[in-house]
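Here is the structure we will look at.
A, B, ... follow the sequence lines: proteins, then strands. Residue 1 opens every chain.
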Amino acid sequence: MLRLYNSLTRRVEEFRPSRSNRVKMYVCGPTVYDYSHVGHARTYISYDFLARLLRLHGYSLFYLMNITDVDDKIIQRAAERGMDPLEHAREFERYFMEDLRELKIGSINLFARASEHIDEIIAVIEELLRKGFAYVTETGVYFDTAAFGPYGELSGREPEELSVHRIEPDPTKKRPQDFALWKRRPVDELGWDSPWGYGRPGWHIEDTAIILTYFGPQLDIHGGAIELIFPHHEAERAQAEAYSGVSPFSRFWVHTGLLTVGGEKMSKSLGNIITIREVLRRFSAEDLRYFYAMSHYRSPVEFDWERLEVASRALEGVLNVFEELRRRDVADEDSEEDRTLVEQLRSHRDSFVSSLQDDLNTPEALASLHAATRTLSRYLESRDEISRTVLVEAEGFRSLVDGVLGVFPEDLGHRARLLEGVLDLLLDVRERLRREKKYEMADAIRSGLAMLGVSVEDTSRGPRWRLRASRG
RNA sequence: GCCCGGGUGGCCGAGCGGCUAGGCGGCGGCCUGCAGAGCCGUUUCACAGGGGUUCGAAUCCCCUCCCGGGCUCCA
């Protein structure tokens, strides 16, 4: 049974969807005004793990993500480039989609743009006004936080303390903690007509309106990074529950820890960002995914290149074992030892799964994976042929691990057949050179191939080659 | 200031009342033309500090110190 930490109750709880096996999950998506950084990647990879795990459990998951394409920063950036804001947003949305694909995040079913849900947003605001949870002033429409009792509950704050503010609040609001649902703007700015004049939606309302549109008044999992819990998620919850009267809006509120650099969170305003693209030039997507799996999703993670290197090496050790396994000849008969081994693998696989079921404890799950690879490695050490049942069991483990974590690189495509043939031929020649003790030439071939990104290893069972991600 | 999280062996990082986590690194050995990979052993069982509770605490309670996040831009 899957257990998940719920920020609303501050406890790990048993996860069950509200009805049947359908799971509705929403995660706060990006504001597409610039390239995404590895902090964003951490969040999206964490929810990708969760999504994959849910599907593995047989749940029919619908994973929804919004794209914020209406925003002050977008307008500002677009103005700097002399571009239309929505065009600017489309461009960076494209980059975001490319990043997701590169990172092997394919679990999201639907992306919803804020700009394409203005009607729905307006309808929600109208209903909030009708129910007395909002009020109109000359600058816009505001949510009346005093009218919503549980305001502050999600983030654990008392209403009084919420009146502290860093930015001078709009003077027309009743209370500093009230937030904008609709902001009146001049007609030459990006905006839409509304019953309250031309303008734009407030920051929090798009998520609520999108969720209400696709999921109705309640969803199973609402995710995002911890920095969003207040005010963003608090506001979302208030809007939705005030609108529908259904509580809780989200049965589980899930929050991922932040990525830090030099002890401070990675963010554009601090200027310490490393883009996803930058990392993928030096490490594979698998390396990065493994790196994130090495810490729990709720812990803060310090980013640095050396740690990524550590992750990459640890992953390599795992991959080596499974690769070697596929190279061996297979025997159909099982010995007593083979049967014992299969039992051990099963038990490691079981612990791997239960660790993941326990609030997505990926670091603990990796310990089981390592236990399994060590077991397999010892087994391989002691024999030439491997038993079919062992191979089947190991392959099952491998696809389970890959199914959730996505850390095994794709197999070479069929186009690589030729490359394979050529490499085997070349290594055959090199073997002859080695037998004739012409090591200089043999080494030249090896280092030449290394420069091309093909690593060669000589083993007692003959040469092995592998394509490696470039490092630098 | 207020509200949340944290402080674990050389580094990273699980564990959250009793049961050798794990990874990376270092050292020694096996294997090997070299390199790499792998295996075996080793790096003296570590939990910020101080008080408690308990037969027993890294794990629970109290105090102190330090770090991070939030307090209406944020994944």
Side-chain angles (χ1 to χ4, degrees), chain A residues 7 10 27-31 33 36-47 71-73 152 155-158 160-167 169-170 176-180 202-204 223-232 234-235 255-260 263-270 290-291 294-296 298-302 304 306-307 309-318 320-321 323-324 351 355 358 361-371 373-374 377-378 380-382 434-435 437-440 442-443 446-447 450 455-460 463-464 466:
Chain A
S7 301
R10 287 162 212 246
V27 172
C28 286
T31 301
Y33 72 102
S36 297
H37 57 67
V38 278
H40 301 117
R42 143 101 131 152
T43 301
Y44 300 128
I45 287 173
S46 297
Y47 287 105
D71 171 85
D72 290 352
K73 266 185 274 198
S155 53
R157 275 152 229 254
E158 299 302 322
E160 311 84 66
E161 79 198 35
L162 297 178
S163 56
V164 183
H165 51 269
R166 290 194 290 206
I167 293 172
D170 183 286
Q177 58 268 45
D178 290 353
F179 52 88
W203 178 30
H204 317 298
I226 188 66
E227 65 188 346
L228 295 180
I229 194 166
F230 187 86
H232 190 53
E234 194 71 69
H255 291 98
T256 50
L258 297 180
L259 190 71
T260 61
E264 282 184 308
K265 85 165 159 170
M266 184 175 287
S267 80
K268 292 200 177 118
S269 40
L270 289 168
Y290 195 91
F291 171 69
M294 286 192 344
S295 2
H296 187 84
R298 286 193 280 122
S299 308
V301 170
E302 169 75 13
D304 89 77
E306 270 100 283
R307 284 182 210 205
E309 184 64 43
V310 165
S312 174
R313 274 182 214 171
L315 173 58
E316 199 174 314
V318 172
N320 282 338
V321 174
E323 270 181 37
E324 182 59 29
S351 344
S355 294
D358 183 16
N361 193 334
T362 50
E364 196 177 81
L366 290 183
S368 303
L369 173 61
H370 290 132
T373 53
R374 206 181 319 108
S377 199
R378 274 191 207 129
L380 289 168
E381 191 83 359
S382 66
R434 290 180 68 222
R435 268 200 292 279
K437 302 212 186 296
K438 291 178 179 164
Y439 294 123
E440 220 173 293
D443 287 354
R446 185 171 61 190
S447 59
S455 80
V456 175
E457 291 166 17
D458 297 310
T459 77
S460 55
R464 308 264 130 106
R466 182 146 42 110

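The distance between atom NE2 of A/H296 and atom C1' of B/U8, rounded to the nearest whole Å, is 17 Å. Note: CE (A/M294) to P (B/C11) measures 16 Å, nearest angstrom. When rounded to the nearest whole Å, the span between CZ of A/R298 and C1' of B/A14 equals 13 Å. Residue A/L369 contributes atom CG, which lies 19 Å from atom P of B/G13 at whole-angstrom precision. Going from atom CD of A/E457 over to atom P of B/A35 covers 14 Å, rounded to whole Å. The separation between A/N320 atom CG and B/G36 atom C1' is 9 Å, rounded to whole Å. Here the P atom of nucleotide B/A75 and the NE2 atom of A/H37 are 7 Å apart, to the nearest Å.
The same atom, P, is picked in B/G6 and in B/G10; the two are 24 Å apart, to the nearest Å. Taking atom P on both nucleotides, B/C71 is separated from B/U53 by 41 Å, rounded to a whole Å. For B/C16 and B/C61, the P atoms lie 14 Å apart once the distance is rounded to whole Å. B/C65 and B/G50: their C1' atoms are spaced 11 Å apart (whole Å). The same atom, P, is picked in B/G36 and in B/C24; the two are 15 Å apart, to the nearest Å. Going from the C1' atom of B/C3 to that of B/U42 covers 47 Å, rounded to whole Å. B/G41 and B/G5 have their P atoms separated by 41 Å, with the value rounded to a whole Å. The P atoms of B/A21 and B/A46 are separated by 11 Å, rounded to the nearest whole Å.
Backbone-only engagement by A/S295 is indicated by non-hydrogen atom pairs under 4.0 Å involving sugar-phosphate atoms exclusively. Within 4.0 Å of A/H232, counting heavy atoms only, lies no atom of the nucleic acid at all. Across all strands shown, A/D458 has heavy atoms under 4.0 Å from base atoms, whether or not it also approaches the sugar-phosphate. Contacts of A/R446 with the nucleic acid, taken as non-hydrogen atoms under 4.0 Å apart, include base atoms. Nucleic acid contact class of A/G224 (heavy atoms, under 4.0 Å, all strands): sugar-phosphate only. Among the atoms of the strands shown, only primed sugar atoms or phosphate atoms (P, OP1, OP2) are found under 4.0 Å from some heavy atom of A/N361. Backbone-only engagement by A/G29 is indicated by non-hydrogen atom pairs under 4.0 Å involving sugar-phosphate atoms exclusively. Nucleic acid contact for A/D178: base, since at least one base atom lies under 4.0 Å from a heavy atom of the residue. Counting any heavy atom pair closer than 4.0 Å across all strands shown, A/S299 reaches sugar-phosphate atoms only and no base atom. Residue contacts for A/K437: at a heavy-atom cut-off of 4.0 Å it reaches no nucleic acid atom on any strand shown. The residue A/L380 sits apart from the nucleic acid: no heavy atom pair falls under 4.0 Å. Among the atoms of the strands shown, none is found under 4.0 Å from any heavy atom of A/E302. As judged by a 4.0 angstrom heavy-atom cut-off over every strand, A/R434 is placed among the base-contacting residues. At a threshold of 4.0 angstrom between heavy atoms, the contacts of A/T31 are confined to the sugar-phosphate backbone, with no base atom among them.
The phosphate of B/G25 has OP1 or OP2 within less than 4.0 Å of a side-chain N or O from A/R313. Side-chain nitrogen and oxygen atoms of A/S377 include at least one within less than 4.0 Å of the OP1 or OP2 phosphate oxygen of B/C39. Taking only side-chain nitrogens and oxygens, A/R374 never comes nearer than 4.0 Å to OP1 or OP2 of B/C40. OP1 or OP2 of B/A75 lies within a sub-4.0 Å distance of a side-chain N or O belonging to A/H40.
Shown here, B/C19 forms no base pair; nothing in the strands shown gives a Watson-Crick or G-U wobble contact with both key distances under 3.5 Å. Under the Watson-Crick or G-U wobble criterion, with both distances below 3.5 Å, B/C2 is paired with B/G70. In this structure, B/A58 makes no Watson-Crick or G-U wobble pair, since no nucleotide meets both defining distances under 3.5 angstrom.
Scanning all heavy atoms of the two residues, the minimum distance from A/R434 to A/A442 falls at CG-CB, 3.6 Å.
Here the straight-line distance linking atom OG1 of A/T256 with atom NE2 of A/H296 works out to 10.5 Å at 0.5 Å rounding. From A/K268, atom NZ reaches atom OG of A/S36 across 6.0 Å, with rounding to the nearest 0.5 Å. Taking CZ of A/R378 as the reference point, atom CZ of A/R374 lies at 6.0 Å (rounded to 0.5 Å).
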Decide yes or no on side-chain contact (heavy atoms from CB on, under 4.5 Å) for A/H37 and A/L259, but give the supporting numbers first. CA-CA 10 Å; A/H37 57 67; A/L259 190 71; 5.6 Å; no

Please assess A/H370 against A/V318 for the test side-chain contact (heavy atoms from CB on, under 4.5 Å), listing each intermediate value before the final yes or no. CA-CA 7 Å; A/H370 290 132; A/V318 172; 3.8 Å; yes

side-chain contact (heavy atoms from CB on, under 4.5 Å) assessment of A/R466 paired with A/E316: CA-CA 11 Å; A/R466 182 146 42 110; A/E316 199 174 314; 3.8 Å; yes

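In terms of modelled atom types and a separation under 3.5 Å, the side chain of A/S455 and the main chain of A/A450 share no donor-acceptor contact.
Comparing B/G33, B/A14, B/C39 by their closest approach to the side chain of A/P363 singles out B/A14. For A/E364, the listed nucleotide lying nearest its side chain is B/A14; candidates were B/G33, B/A75, B/A14. Which of B/C71, B/G22, B/A75 sits closest to the side chain of A/F230 comes down to B/C71. Listed candidates were B/G70, B/A37, B/G13. Nearest to the side chain of A/R307 is B/G13. Listed nucleotides: B/C4, B/G33, B/G22. Nearest to the side chain of A/R10: B/C4. The listed nucleotides are B/G69, B/C34, B/G22; the one nearest the side chain of A/D443 is B/C34. Distance from the side chain of A/I226 is smallest to B/G69 among B/G69, B/G22, B/C39. Listed candidates were B/C71, B/C39, B/A14. Nearest to the side chain of A/R378 is B/C39. Minimum atom distance to the side chain of A/R42 is reached by B/A75, of the listed B/G70, B/C73, B/A75. Distance from the side chain of A/L228 is smallest to B/A75 among B/C71, B/A21, B/A75.
Residue whose closest nucleotide on RNA chain B sits further toward the 5' end, between A/A442 and A/T260: A/A442. Each of A/E381 and A/Y290 has a nearest nucleotide on RNA chain B; the 5'-most of these lies closest to A/Y290.
The only member of A/H232, A/E234, A/E227 that meets side-chain contact (heavy atoms from CB on, under 4.5 Å) when paired with A/F230 is A/E234.
You'll find the side chain of A/E324 stays beyond 4.5 Å of the side chain of A/T459, heavy atoms only.
Ring-to-base geometry places A/Y439 in a stacked arrangement with B/G33 (centre distance under 5.5 Å, plane angle under 30°).
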